[in-house]
2 protein chains.
Amino acid sequence: MAKSIKEIAQELNVSKSTVSLVINHKAEQARISKELERRVLDYVEKVGYKPNSLAKSLATGRSNTIGLIVENIGDSFFGPFALYVEELLRKKNYHVLYSSTLGDPQNARDIIDFMLEKKVEGILLAPTVNLDEHQRKVLEYKVPLVVFDRNSPEVATHYVHIDNGESSRKACLHLHEIGCKNFGLITIDSDQPQMLARKNAYLQFCEETSMQARILHLSYQNLRQKGMASLQNWVSKNTELDGLFFTTNYLCILGLKSLRSEEGKNFDFPLFSFDDHELFDLLNPKISCIRQPLEPLAKTCVKVLLKEIDRGISIPREYVISTDLIKR
Amino acid sequence: MAKSIKEIAQELNVSKSTVSLVINHKAEQARISKELERRVLDYVEKVGYKPNSLAKSLATGRSNTIGLIVENIGDSFFGPFALYVEELLRKKNYHVLYSSTLGDPQNARDIIDFMLEKKVEGILLAPTVNLDEHQRKVLEYKVPLVVFDRNSPEVATHYVHIDNGESSRKACLHLHEIGCKNFGLITIDSDQPQMLARKNAYLQFCEETSMQARILHLSYQNLRQKGMASLQNWVSKNTELDGLFFTTNYLCILGLKSLRSEEGKNFDFPLFSFDDHELFDLLNPKISCIRQPLEPLAKTCVKVLLKEIDRGISIPREYVISTDLIKR
DNA sequence: TATTTCTACTAAAACGTATTAGTAAAGATA
DNA sequence: TATCTTTACTAATACGTTTTAGTAGAAATA
């Protein structure tokens with residue numbers, strides 16, 4: 001069905017080179033006559049020629065594809081983020097090969113390998129833990145790499161992120177201002193740097209204000225099943241609590257669900273979420289939050305990556321995007 | 001950095017064929033001696049050989065990639081759906097080249113062309129309107145195509161979907177049962193078949209029960225800006241309304257936001273959404289809904305597509321997945 | 001008229017792999 | 001010892017492009 005340049009050339013009684021040159025708008029520079037150019041162009045149009053991208057990439061070394069590696073394409077942060085990325089890249093004639101790691105380093109490694117094999121021209125990565133080796137590998141292969149959302153301090157890459165510490169501090173101040181003098185922190189039990197930064201800012205705040213630190217660590221594994229129970233348990237034990245700060249929106253949602261399901265026992269203290277959610281402004285209690293501005297985040301990632309691709313790999317830098325405090 | 005088979009062969013003083021055969025576990029069938037096999041294997045391991053997928057695909061005709069074309073990877077239906085698809089395909093050693101059409105047929109056509117050029121082995125498509133030609137093109141190119149969520153009746157493809165009419169009818173019956181005798185329908189102003197089916201079932205229901213049909217059509221363009229106003233306006237004009245049926249969840253969310261923002265004027269009739277949402281069970285008023293079971297949907301899509309890829313293109317069939325009515 | 005320069009192309013090599021037909025050497029058979 | 005098999009490989013071709021060096025013929029120059 002799909003004709004190749006070779007076939008087209010035979011059918012037109014010209015050489016493959018001629019056809020290729022014409023197709024790639026190099027007729028003029030290769031001194032192909034206008035007549036022949038037209039003849040080729042018309043025929044190509046007529047048979048509906050579609051280039052074989054694989055062969056093309058093999059010959060040129062360019063795949064026009066970039067890899068996007070997120071934690072979970074289905075969640076309310078990465079999904080919309082991915083959409084922005086795709087839109088921005090579409091304009092530059094790039095396409096996206098994406099994959100979700102689900103936080104599993106082995107998945108992440110497989111994905112990176114696959115993308116290197118596919119000869120993506122650059123990779124946009126939200127790393128899992130234990131991914132240093134593979135990030136170095138990408139760099140060794142001279143494939144531009146931009147890391148976002150979190151990073152490994154041990155690997156020197158371009159890194160686009162929000163200021164987690166500062167944002168977390170803003171959150172604490174806000175809670176304090178509206179009267180919470182004993183709010184607790186609910187976070188995920190992992191050493192993802194961005195989570196640690198959020199937690200540390202809270203700890204620091206506690207120290208400064210002499211507030212007692214109350215932290216619940218939940219594990220990402222079977223969060224749905226075990227998380228709710230431990231959260232309920234923890235809250236009912238810590239009766240002095242007068243506010244909750246969730247270090248990410250899915251924890252906040254979990255919190256809402258578990259606290260809600262305890263009928264009767266209506267808690268009435270403020271909840272705060274790191275990361276907004278489409279429906280947070282419809283809920284009561286009202287949920288204030290830190291919002292990561294997705295579009296600037298995506299724009300910066302794409303801009304930095306494309307620059308690396310165009311101009312060659314440069315000295316790694318950090319790009320900090322400031323967050324918004326949404327009071328509700 | 002990345003060594004090729006050719007280089008490896010030279011460095012080992014053997015032929016390219018030998019290296020290739022060993023790498024592809026065909027040493028035995030090609031009667032390569034165990035010793036040489038080991039030698040090659042060790043060396044390949046040592047230099048960290050990574051095959052060039054492009055060259056490989058060019059030679060074998062297999063890309064191990066499938067294309068996934070959705071409307072919006074960032075939304076709460078397609079995002080999680082995509083995650084399921086990816087997971088299922090990962091197990092079969094396939095990867096995903098995805099793209100969002102945003103409902104724009106021209107985007108969709110570009111995406112399809114790109115995927116054909118990339119030699120994806122199959123395409124999973126949620127079509128936009130006016131995409132018949134390009135769907136036929138995919139079929140002409142002998143690339144397996146499975147369409148989901150919506151289809152064009154004019155093109156014969158495998159089609160995985162829920163029964164929109166029947167589900168919509170279930171929704172109407174539910175609303176009727178809980179006492180709504182005058183509920184209206186809010187839908188999108190487009191001729192997407194699944195939306196039409198939902199609307200038609202409502203109309204049919206109206207006829208059967210002699211309920212007056214009240215329908216508001218909103219346009220997808222600048223929904224966010226204009227939609228809220230027209231919705232508020234419509235609801236306040238139709239004072240007899242005692243329930244609202246939204247034909248999709250983003251409309252329902254829009255509805256919630258616009259109705260909510262009218263302070264004071266608290267409406268207290270039931271809302272029903274076609275498509276669930278992560279947070280619907282946390283809202284009040286409680287939102288009942290039709291839930292499309294994402295996992296079965298994704299499983300069926302993937303299964304059908306892989307079968308087509310394996311066994312060759314077969315006569316198009318429809319696969320209907322039944323929905324759940326979630327009462328809240 | 002002999003040489004140079006243009007014109008309008010084409011031949012050939014390259015990208016990195018898979019695959020099939022072929023082959024030299026050793027071993028088995030008669 | 002002459003022929004057939006088997007062993008252990010390799011040479012050659014193909015996949016579909018891009019790109020560079022080359023070339024035959026015409027036109028211009030000397």
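From a predicted model like this one, the values you see are computed outputs, not experimental measurements. Below, read A as the first sequence line, B as the second, and so on, with proteins coming before strands; counting in each chain starts at 1.
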| message | If I take atom NE2 in residue His25(B) and atom P in nucleotide dT19(C), what distance separates them, rounded to the nearest angstrom? | response | 14 Å
| task | Check whether any side-chain N or O of Tyr49(A) sits under 4.0 Å from OP1 or OP2 of dG16(D), and answer yes or no. | result | no
| query | Are OP1 or OP2 of dT10(C) and a side-chain N or O of Ser15(A) less than 4.0 angstrom apart? | reply | yes
| Checking all strands, does Ser4(A) fall into the base, sugar-phosphate, or nothing category for heavy-atom contacts under 4.0 angstrom? | sugar-phosphate
| said: Under a 4.0 Å threshold between the charged nitrogen and the carboxylate oxygen, would Arg90(B) count as salt-bridged to Glu86(B)? | reply: yes
| query | What is the distance from NZ of Lys118(B) to C1' of dC15(D), rounded to the nearest Å? | reply | 16 Å
| query | If you pin Thr60(A) and Glu37(B) to their nearest nucleotides in DNA chain D, which one's is more 5'? | reply | Glu37(B)
| note | Among the nucleotides dT10(C), dC15(D), dT10(D), whichever has the atom closest to the side chain of Lys6(A) is dC15(D)
| Counting just side-chain N and O atoms, does Arg31(A) come under 4.0 Å of either OP1 or OP2 of dC9(C)? | no
| task | Check the distance between dT17(C)'s C1' and Glu7(B)'s CD and give it to me in whole angstrom. | result | 13 Å
| field | No-H, no-angle donor-acceptor pair, Ser17(B) side chain to dA11(D) base, under 3.5 Å | value | yes
| request: Looking only at side-chain atoms of Leu58(A), point me to the closest of dT19(C), dT18(D), dG16(C). | output: dG16(C)
| message | Looking at Lys34(A) and Glu37(A), is any side-chain nitrogen of the basic one under 4.0 Å from a carboxylate oxygen of the acidic one? | response | yes
| query | Salt bridge between Arg150(B) and Glu71(B), side-chain N to carboxylate O under 4.0 Å? | reply | yes
| request: For Ser33(A), report the nucleic acid contact type (base, sugar-phosphate, nothing); a contact means any heavy atom under 4.0 Å. | output: sugar-phosphate
| task | Starting from C1' on dT17(D), measure out to CG on Leu54(A) and report it in whole angstrom. | result | 10 Å
| For the side chain of Ala59(A), counting heavy atoms from C-beta on, which of dT17(D), dG16(C), dT19(D) is nearest? | dT17(D)
| query | Between Ile5(B) (CD1) and dT13(D) (P), how many Å, whole number? | reply | 19 Å
| task | Flag the pair Phe148(A) / Phe81(A) as yes when their ring centroid distance falls below 6.0 Å, and as no otherwise. | result | yes
| field | Leu21(A) CG to dG16(D) C1', straight-line distance once rounded to whole Å | value | 15 Å
| message | With a cut-off of less than 4.0 Å, is there a side-chain N or O of Thr18(B) near OP1 or OP2 of dT10(D)? | response | yes
| said: Let's test your reading of the model: under 3.5 Å, does the base of dT17(D) pair with the side chain of Lys16(A) as donor and acceptor? | reply: yes
| message | So Lys50(A), base contact, sugar-phosphate only, or nothing? Heavy-atom distance under 4.0 Å. | response | sugar-phosphate
| request: Quick one: label Leu36(B) by what it contacts on the DNA or RNA (base, sugar-phosphate, nothing), any heavy atom closer than 4.0 Å. | output: sugar-phosphate
| request: Report yes if a side-chain nitrogen or oxygen of Asn24(B) is closer than 4.0 Å to either non-bridging phosphate oxygen (OP1 or OP2) of dA18(C); otherwise report no. | output: yes
| Nucleotide nearest Val14(B) (side chain, heavy atoms from C-beta), chosen from dT10(C), dT17(C), dT10(D) | dT10(D)
| Atom NZ of Lys34(B) to atom P of dT7(D): distance rounded to whole Å? | 13 Å
| Integer-rounded Å distance: dT19(C) P and Lys56(B) NZ | 10 Å
